[in-house]
Amino acid sequence: MEHIRTTKVEQVKLLDRFSSSNKALTGTLYLTATHLLFIDFHQKETWILHHHIASVEKLALTTSGCPLVIQCKNFRTVHFIVPRERDCHDIYNSLLQLSKQAKYEDLYAFSYNPKQNDSERLRGWQLIDLAEEYQRMGVPNSNWQLSDANRDYKICETYPKELYVPRIASKPIIVGSSKFRSKGRFPVLSYYHQSKEAAICRCSQPLSGFSARCLEDEHLLQAISKANPANHYMYVVDTRPRHRMQSWWATQKDIGRIIVRISSRIWNDEKIRESDEKKRLNAMANRAAGKGYENEDNYSNIRFQFVGIENIHVMRSSLQRLLEVSGTRGLSVGDLYSGLQSSGWLRHVQAVLGAAVVLAKAVTTESASVLVHCSDGWDRTSQVCSLGSLLLDPYYRTVRGFMVLIEKDWISFGHKFSERCGHLDGDPKEVSPVFTQFLECVWHLTEQFPQAFEFNEAFLLQIHEHIHSCQFGNFIGNCQKEREELKLKEKTYSLWPFLLEDRVKYLNPLYQPQAQEFAVLEPNTVSFNFKFWRNMYHQFDRTLHPRQSVFNIIANMNEQNKQLENDIKDLESQIKQCKNKQADGVLTKELLNSVRPESPTLKTSLCFKEQTLLPGNDALRTIDSSNPADNRYSEYAEEFSKPDPAVVSLEYGVARMTC
Amino acid sequence: MEFSELIRTGQAQAELLRGPEAPPLRGTLCVTGHHLLLSPGPQATPDLWLLLLRSVDSIEKRVAGDCGTITLRCKDLRVLQLDIEGVEATLNIARSIEGLRLGDAWHFHPPERYYKRVAREVLLRSSQPLIGPQKRRCAEDEALLRAVLAGSRPGARGFIVDTRSAQTAKQARMTGGGTEAKAAYPGWKRLHRPLERGRPLQESFVHLVEACGDLEQSMDHWLSRLAGCRWLAHVKEALSTACLAAQGMEREGACILVHGAEGTDSTLVVTSLAQLILDPSSRTMAGFQELVEREWIQAGHPFQLRCAHSAFSHARPKHEAPTFLLFLDCVWQLGRQFPLSLEFGEGMLLALFDHAYASPFGTFLCNSEQERCLCEVRTRTHSLWSGLNQLKEQRKLRNPLYVPNPLALWPSVEPQSLRLWQGLFLRWTRPPEPSEAAWEKVWQIVTDQEKTEGSQPTVSASELQL
């Protein structure tokens, strides 16, 4: 490798991030083509994938050596001290090169080989089939059909080829509408609610100038509305905060409410009668908005809603601020909470989840179809549509269903994973934790509804790990067209079969698949339901974690129960057989022998305490106790300061890639 | 009886509103000497609704037309509304509740001053030494602490953990208190770990409960109130001081003496938590009850004074302070970080909180052992422990996942590791169903395990018959 000058440095120290007494582990640092590896003197390995590295920093030389601080996209922060400055410089330069690739072909996925043949690889890619998924939802049907308009990515490059549109929307209408929408992303079906006959659709913002209209677009919206026989009106949800679009508007109307409803002309006549004065004002405001949202005068039967989710730049700096605060040494409780507040992160998470609740409510209580858009319809729109579907449909809360959901609303509809995750050396302004935020919303739901999800937190963390790892092809590229051009299905592997293989690790032992109360989730978005996600943002800071895991224990017990119940059934059926035979008078010695050999296997299965725990995720690993030296109160006691011969017994978070 | 004087209207028709989650209840309201009863009438459910009058923290009455409304804020942080027919009935009932909720007036003695009392072999607690402005010394006291070190392993050091700041400890000399002089106690080293107590702690509690009652507030407002009330900061300080004491014993083999001013508040938080950290036997159901009995009740925590009001009272706090609640919160944090190592669950901690503030049992009555003897509490009341140890309470109080853990429990005290105790502070404001159902499921899995294991012998028995 041309970037690697030094492959091995000895006597490197790894500092504990939260310790102020400079406690360190000494070991050897290796640099490979794909990973940075640190092996300490206990032979514990810390693997860091080059693609996970977000930033490398070389600090000023100290007496003990040259400090090197590496921050990773999976929120790991490591602080090495390299004895010689030249070694440090070499590693620093190599990492700078290796962590930012210029071409897709240099990403790990193109060289990663899990020893599968081509047919296994292909089967892996076919595991999640979106056509099958739309069939499960109940489309195509009498109101919705598959459109071939985008067959060669002609009218929209960032959409998939297969798109579902209302049956009454003809091709010219679709083409016309796509010209009116930013990046050609016209309204298409994202989720169809079979029993309510309501649809969740998505698109990008309209390019309406001062007085521009697009009849085709208006027609397409009417078609979506008419495709829902249960309701004569539909919602258009703009996920952007109103004030960002037109600040002067704020002076005209009360935007204090999160949801601003502007009633359409026809609806006005039916329900709310606004004064002429107010109507005129509305109209003026909308005109002035120009490029922005639909002028409601031109769309009848439509109710407009605004849910204020901030843009990718606000989200990026918000998370940055949060990580700065939570990474501070010697943080006080007050600092953490005021940092949480000033970063605004939890407020943003609340807004995203709130928008999904609006969506789910419109579908369930009003049977209304909903069209969601933001600016380009690939960030906030993906968040809101996928979370809305997650609330509505229990299928998406299973391990497999969640994969389908990500494939559908994120990958196929063109969330720009490569740009948002910074896979390649590109514009840092395009990087934003939109998907991380989505995962956090899902985590908050799992906290509120501990029995509604088949998967556990480890599953979310593992997916997060891999959106940045570039080890599998799923998240590489920014849209389906680009992925096809990269021939990802031939050159790389899909993540999902590997996750399914380890399925047991990701199961929630408390899951209640049949429970009626979890059919549609109605989360409470009151402020105190939102908490700092320590297991995500400090997943490698093991000293901050609970020392014992309930999850592993319960999962184990569940497994044991199942096994024992099966054993009992087996034995009972054997006893029945024996009794029958006994009644027939054919009880022989052989039969007795045939029963007996069963008992030793039963005994071994009963010794549950000797069985090893299920392999859990690193973040959920069980340790029964910990060392007081790992916690900061030990540092309070400098009075105790005898030199401490005891070694830190806690393993540092060694989250190895699943390879 | 004085009760009858206080009850002018014994009965009235009323409707009870119990917050957003529970349905309202209509029926006949009765006031008795100790309880408020609501009987829903024959056709509805036969269940009586019952409220101990002592658990009422503050009461508000309003009359409009010929109806009245009484709002009761309880010490366990519940808010109840009673709509009562008849203005006079409303006023009378309000007056009765007001009068009866204070119950029998117990005699209040000022808390006894202990002068150095030995509690455990190496973990000691005491009140401050009465040094005074003249810097008095006490030969017996010095001899006692010398003897403690001598009784320990040779060369052992001692640490005195003072739960006040060095400044406050010095100032205490003006009022006759103070802290151990270095020269007088060779081998002992003093550490100051200031813990909040008294009025500031009570205010912190009141502010937190206020914040938790507001469902409409924005995220920013909520987070700033959570930071501003400083409750979790107090939890962190209490836990880290306890860890410090425990660490000194376990890792340094040192003797630890903990005291503040009186030795009946923050001292007890530290010593009882340190025992929970180090001693596996105190983490069992029986061991924990013993710990509370020994380290809190017998050690003379003035429950009557500290728990006279909880967070809703409008009266200016005098002696009130949620010291015991702070201890319970710390135990809850410990249980969250070591979910398998405590035999009791959250239900136990909630029950102790409820009973400390208002209880039909005598366990938390009075301020000290001496008072309890004078009032003959042991012969005239029932013990809470016998109430809690009944079989039907076990599912609520026990941790089904408990596995004895012989090791010390060293919790993380980083702010990221501490959580707001939602089960207590948001108990009445948010629907508990999903998490409660999950808890039920855990119980079910555990009992299934026992069942399937239990059914094994019957199978093998029938196997043997063959």
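Since this is a predicted model, take the numbers as computed values, not measurements. Naming convention: chains lettered A, B, ... in sequence-line order (proteins, then strands); numbering from 1 in each chain. Only this structure's heavy atoms are used, side chains among them; waters, hydrogens and symmetry mates stay out.
The side chain to side chain contact (heavy atoms under 4.5 Å, CB included) test applied to B:Glu210 returns B:Val206, B:His207, B:Arg225, not counting sequence neighbours.
Across A:Leu544, A:Thr543, A:Asp541, a single residue satisfies side chain to side chain contact (heavy atoms under 4.5 Å, CB included) together with B:Ser412, and that is A:Leu544. For the side chain to side chain contact (heavy atoms under 4.5 Å, CB included) criterion with B:Pro415, the lone passing option out of A:Asp335, A:Val325, A:Leu336 is A:Leu336.
Among all heavy-atom pairs drawn from B:Leu226 and A:Tyr337, the shortest one is CD2-CE2, 3.4 Å. Considering all non-hydrogen atoms of both residues, A:Phe528 and B:Asp214 come closest at CE2-O, 4.1 Å. Scanning both residues, B:Met219 and A:Leu346, for their nearest heavy atoms gives CE-O, 3.4 Å.
Proximity to chain B (any heavy atom under 4.5 Å) is restricted, for A:Arg534, to the side chain, taken from C-beta onward. Looking at B:Leu401, the atoms closer than 4.5 Å to chain A (heavy atoms on both sides) all sit in the side chain, from C-beta outward. Neither the backbone nor the side chain of B:Cys229 comes within less than 4.5 Å of any heavy atom of chain A.
Residue pairs meeting the salt bridge (charged side-chain N to carboxylate O under 4.0 Å, His left out) criterion with at least one member in residues 330-347 of chain B, sequence neighbours excluded, are B:Glu343-B:Arg398.
Side-chain contact between A:Arg347 and B:Asp220 is present, with heavy atoms from C-beta onward closer than 4.5 Å.
Here the side chain of B:Gln217 pairs no donor or acceptor atom with the backbone of A:Ser527 at under 3.5 angstrom. Put simply, the side chain of B:Gln416 never gets that close to the backbone of A:Tyr537: no donor and acceptor are under 3.5 Å apart.
Taking CG from B:Leu223 and OG from A:Ser343, the interatomic distance works out to 8.5 Å, rounded to the nearest 0.5 Å. Residue A:Asn529 holds its CG atom at 9.5 Å from CH2 of B:Trp222, rounded to the nearest 0.5 Å.
Heavy-atom pairs under 4.5 Å with chain A were tallied for B:Ser224, B:Pro339, B:Pro400; the largest tally goes to B:Pro339. When each of B:Ser417, B:Ala227, B:Ala246 is scored by its heavy-atom pairs under 4.5 Å with chain A, the top score falls to B:Ser417.
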